[in-house]
Amino acid sequence: MERQAKSKRRARFDARVYTLCRQIPEGHVTTYGWIASAIDPPLGMEPFAYDRIKARWVGYAMARCPEDVPWHRVINSKGGLSLRPGHEHQKALLEDEGVRFTASGKVNLKQYGWKPS
DNA sequence: GGCATGACAAAGG
DNA sequence: CCCTTTGCCATGC
(Lines give C-alpha, C1' and ligand atoms only; values in the text may rest on other atoms or scores of the structure.)
Protein backbone atom coordinates (compact mmCIF):
# COMPACT_ATOMS: atom_id res chain seq x y z
CA MET A 1 0.00 0.00 0.00
CA GLU A 2 1.16 3.49 -0.75
CA ARG A 3 2.90 5.29 2.00
CA GLN A 4 0.74 8.36 1.63
CA ALA A 5 -2.45 6.33 1.68
CA LYS A 6 -1.36 4.73 4.90
CA SER A 7 -0.57 7.98 6.57
CA LYS A 8 -3.85 9.44 5.41
CA ARG A 9 -5.76 6.46 6.71
CA ARG A 10 -4.07 6.73 10.06
CA ALA A 11 -4.65 10.45 10.29
CA ARG A 12 -8.35 9.83 9.83
CA PHE A 13 -8.25 7.15 12.49
CA ASP A 14 -6.50 9.48 14.90
CA ALA A 15 -9.02 12.21 14.24
CA ARG A 16 -11.87 9.90 15.19
CA VAL A 17 -10.05 8.83 18.32
CA TYR A 18 -9.68 12.44 19.39
CA THR A 19 -13.28 13.23 18.56
CA LEU A 20 -14.53 10.39 20.72
CA CYS A 21 -12.19 11.33 23.55
CA ARG A 22 -13.58 14.82 23.66
CA GLN A 23 -17.01 13.30 24.19
CA ILE A 24 -16.09 11.49 27.38
CA PRO A 25 -18.12 13.14 30.13
CA GLU A 26 -16.33 14.58 33.12
CA GLY A 27 -16.04 12.09 35.93
CA HIS A 28 -16.12 9.14 33.56
CA VAL A 29 -13.54 7.00 31.84
CA THR A 30 -13.29 4.79 28.77
CA THR A 31 -10.78 2.24 27.54
CA TYR A 32 -8.56 1.99 24.49
CA GLY A 33 -10.52 -0.97 23.29
CA TRP A 34 -13.90 0.72 23.61
CA ILE A 35 -12.78 3.68 21.59
CA ALA A 36 -11.35 1.46 18.90
CA SER A 37 -14.53 -0.60 18.74
CA ALA A 38 -16.50 2.52 17.94
CA ILE A 39 -14.32 3.17 14.90
CA ASP A 40 -14.73 1.24 11.67
CA PRO A 41 -11.77 -0.85 10.53
CA PRO A 42 -9.64 0.88 7.92
CA LEU A 43 -10.59 -0.06 4.39
CA GLY A 44 -8.96 -3.24 3.22
CA MET A 45 -8.25 -4.61 6.65
CA GLU A 46 -9.70 -7.84 7.92
CA PRO A 47 -11.99 -7.24 10.91
CA PHE A 48 -10.25 -10.07 12.70
CA ALA A 49 -6.88 -8.45 12.30
CA TYR A 50 -8.33 -5.12 13.31
CA ASP A 51 -9.58 -6.57 16.59
CA ARG A 52 -6.05 -7.56 17.48
CA ILE A 53 -4.42 -4.29 16.66
CA LYS A 54 -6.97 -1.54 17.17
CA ALA A 55 -6.31 -0.98 20.85
CA ARG A 56 -2.68 -0.40 20.05
CA TRP A 57 -3.52 2.16 17.43
CA VAL A 58 -5.54 4.07 19.95
CA GLY A 59 -2.51 4.02 22.18
CA TYR A 60 -0.35 5.44 19.40
CA ALA A 61 -2.91 8.10 18.75
CA MET A 62 -3.12 9.08 22.40
CA ALA A 63 0.63 9.35 22.59
CA ARG A 64 0.35 12.29 20.20
CA CYS A 65 -2.93 13.70 21.37
CA PRO A 66 -3.65 17.42 20.99
CA GLU A 67 -3.84 19.65 24.05
CA ASP A 68 -7.60 19.84 24.12
CA VAL A 69 -8.10 16.10 24.40
CA PRO A 70 -8.90 14.75 27.89
CA TRP A 71 -6.41 11.92 27.52
CA HIS A 72 -6.52 11.19 31.25
CA ARG A 73 -10.01 9.73 30.90
CA VAL A 74 -8.69 6.92 28.72
CA ILE A 75 -7.41 3.92 30.68
CA ASN A 76 -6.71 0.27 29.97
CA SER A 77 -9.22 -2.55 29.89
CA LYS A 78 -8.35 -3.64 33.41
CA GLY A 79 -9.42 -0.32 34.81
CA GLY A 80 -5.87 0.63 35.64
CA LEU A 81 -3.69 3.50 34.53
CA SER A 82 -1.10 2.57 31.97
CA LEU A 83 2.52 2.97 32.88
CA ARG A 84 3.65 6.13 31.26
CA PRO A 85 5.14 9.50 32.09
CA GLY A 86 2.68 11.51 34.13
CA HIS A 87 0.37 8.74 35.24
CA GLU A 88 0.44 10.11 38.76
CA HIS A 89 -0.89 13.38 37.49
CA GLN A 90 -3.54 11.48 35.58
CA LYS A 91 -4.82 9.88 38.76
CA ALA A 92 -5.02 13.28 40.42
CA LEU A 93 -6.99 14.69 37.50
CA LEU A 94 -9.52 11.87 37.65
CA GLU A 95 -9.94 12.04 41.40
CA ASP A 96 -10.52 15.73 40.92
CA GLU A 97 -13.45 14.87 38.69
CA GLY A 98 -14.88 12.50 41.26
CA VAL A 99 -13.50 9.21 40.00
CA ARG A 100 -12.59 6.96 42.89
CA PHE A 101 -9.78 4.43 42.83
CA THR A 102 -9.75 1.09 44.58
CA ALA A 103 -7.07 0.24 47.08
CA SER A 104 -5.10 -1.39 44.27
CA GLY A 105 -5.24 1.79 42.23
CA LYS A 106 -7.88 0.74 39.77
CA VAL A 107 -11.12 2.26 38.54
CA ASN A 108 -14.43 0.41 38.64
CA LEU A 109 -15.43 0.43 34.97
CA LYS A 110 -18.94 -0.72 35.82
CA GLN A 111 -19.43 2.47 37.71
CA TYR A 112 -17.34 5.07 35.89
CA GLY A 113 -17.02 3.50 32.47
CA TRP A 114 -18.48 5.33 29.48
CA LYS A 115 -18.69 3.76 26.03
CA PRO A 116 -18.66 5.89 22.88
CA SER A 117 -21.88 5.80 20.93
C1' DG B 1 16.64 -0.22 5.25
C1' DG B 2 16.73 -3.66 9.05
C1' DC B 3 15.68 -4.09 14.09
C1' DA B 4 13.77 -3.01 18.58
C1' DT B 5 10.19 -0.86 21.11
C1' DG B 6 5.70 0.84 22.56
C1' DA B 7 -0.24 5.10 26.55
C1' DC B 8 -3.18 -2.34 24.30
C1' DA B 9 -6.20 -6.51 24.67
C1' DA B 10 -7.84 -11.23 24.63
C1' DA B 11 -6.92 -15.91 25.38
C1' DG B 12 -4.39 -19.72 27.43
C1' DG B 13 -1.47 -21.86 31.17
C1' DC C 1 -4.16 -13.01 39.70
C1' DC C 2 0.35 -13.23 37.16
C1' DC C 3 2.95 -14.37 33.05
C1' DT C 4 3.35 -15.41 27.96
C1' DT C 5 1.96 -15.23 23.24
C1' DT C 6 -0.17 -13.23 19.21
C1' DG C 7 -1.90 -9.55 16.34
C1' DC C 8 0.90 -6.39 13.06
C1' DC C 9 1.42 -0.41 12.85
C1' DA C 10 4.41 3.69 13.45
C1' DT C 11 8.76 5.66 15.00
C1' DG C 12 13.46 6.21 16.03
C1' DC C 13 18.22 4.89 15.67
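Below, read A as the first sequence line, B as the second, and so on, with proteins coming before strands; counting in each chain starts at 1. All figures in this text were calculated on a predicted structure; none of them were measured in a lab.
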Query raised in the report: Do A/Y32 side-chain and B/dA7 base share a donor-acceptor contact under 3.5 Å?
Result: yes
Requested in this report: Could you check which residues of residues 68-79 of chain A get a heavy atom under 4.0 Å from DNA chain B? Sort them by number, please.
Outcome: A/W71, A/N76, A/S77
Query - Protein-nucleotide distance (A/R84, atom CZ; B/dC8, atom C1'), rounded to Å - result: 12 Å
Report summary line: When rounded to whole Å, the NE2 to C1' distance for the pair A/H89 and B/dA7 reads 16 Å
Query - Residue whose closest nucleotide on DNA chain C lies nearer the 5' end, A/W57 versus A/K106 - result: A/K106
Query raised in the report: Does any non-hydrogen side-chain atom of A/V17 lie less than 4.5 Å from one of A/V69?
Result: no
Report task. Report the distance from atom CE of A/M62 to atom P of B/dA9, rounded to the nearest whole Å. Result -> 12 Å
Query raised in the report: If two hydrophobic side chains count as joined below 4.5 Å and joins carry through other members, does A/Y112 share a cluster with A/L109?
Result: yes
Report summary line: Separation of B/dG6 atom P from A/H87 atom NE2, nearest Å, is 15 Å
Requested in this report: State plainly whether one hydrophobic cluster holds both A/I35 and A/Y32, where clusters connect Ile, Leu, Val, Met, Phe, Trp and Tyr through side-chain heavy atoms under 4.5 angstrom apart.
Outcome: yes
Report task. Return yes if some donor-acceptor pair links the side-chain N/O of A/R73 with the main-chain N/O of A/I24 below 3.5 Å, else return no. Result -> yes
Query raised in the report: Counting side-chain heavy atoms from C-beta on, which of B/dA9, C/dT11, C/dG7 comes nearest to A/R10?
Result: C/dT11
Query - Distance in angstrom units between A/I39 CD1 and B/dC8 P, rounded - result: 16 Å
Query raised in the report: To the nearest Å, how far apart are A/R56 CZ and B/dA9 C1'?
Result: 10 Å
Query raised in the report: Do the side chain of A/Y50 and the base of C/dG7 come within less than 3.5 angstrom through a donor-acceptor pair of N or O atoms?
Result: no
Query raised in the report: Run the side chain to side chain contact (heavy atoms under 4.5 Å, CB included) check on A/Q90 and A/I75 step by step: do they pass?
Result: CA-CA 10 Å; A/Q90 176 179 20; A/I75 62 181; 4.1 Å; yes
**Report entry** A/R22 atom CZ, over 12 foreign heavy atoms within 6.0 Å
**Finding:** yes
Requested in this report: Please determine if a side-chain N or O atom of A/T31 lies less than 4.0 Å away from the OP1 or OP2 oxygen of B/dC8.
Outcome: no
Query - Gap between atoms CD and P, on A/E88 and B/dA7 respectively (whole Å) - result: 16 Å
Requested in this report: Determine, using the 4.5 Å side-chain heavy-atom cutoff (strictly less than), whether A/W34 and A/L94 are members of one ILVMFWY cluster.
Outcome: yes
Requested in this report: State, with a plain yes or no, whether a side-chain heavy atom of A/Q23 is found less than 4.5 Å away from one of A/W114.
Outcome: yes
Query raised in the report: Rounding to a whole Å, what distance do you find between A/R52:CZ and B/dG6:P?
Result: 22 Å
Requested in this report: Over all heavy atoms of both residues, which pair between A/N76 and A/L81 is shortest? Give the atoms and the distance, please.
Outcome: ND2-C, 4.2 Å
Query raised in the report: Using the P atom in both, what is the distance from B/dG1 to C/dC8, to the nearest Å?
Result: 23 Å
Requested in this report: Look at the side chain of A/R64 and decide which nucleotide, out of C/dG7, B/dA7, C/dG12, has an atom nearest to it.
Outcome: C/dG12
Query raised in the report: What is the nucleic acid contact for A/L81, judged by heavy atoms within less than 4.0 Å: base, sugar-phosphate only, or nothing?
Result: nothing
Report summary line: Out of B/dC8, C/dC8, C/dT11, minimum distance to the side chain of A/I53 belongs to C/dC8
Query - Consecutive-pair stems (3 or more, Watson-Crick or G-U, under 3.5 Å) for DNA chain C - result: B:2-6 with C:9-13, B:8-13 with C:2-7
Query raised in the report: What are the two closest heavy atoms between A/R64 and A/Y18, and how far apart are they?
Result: O-OH, 3.3 Å
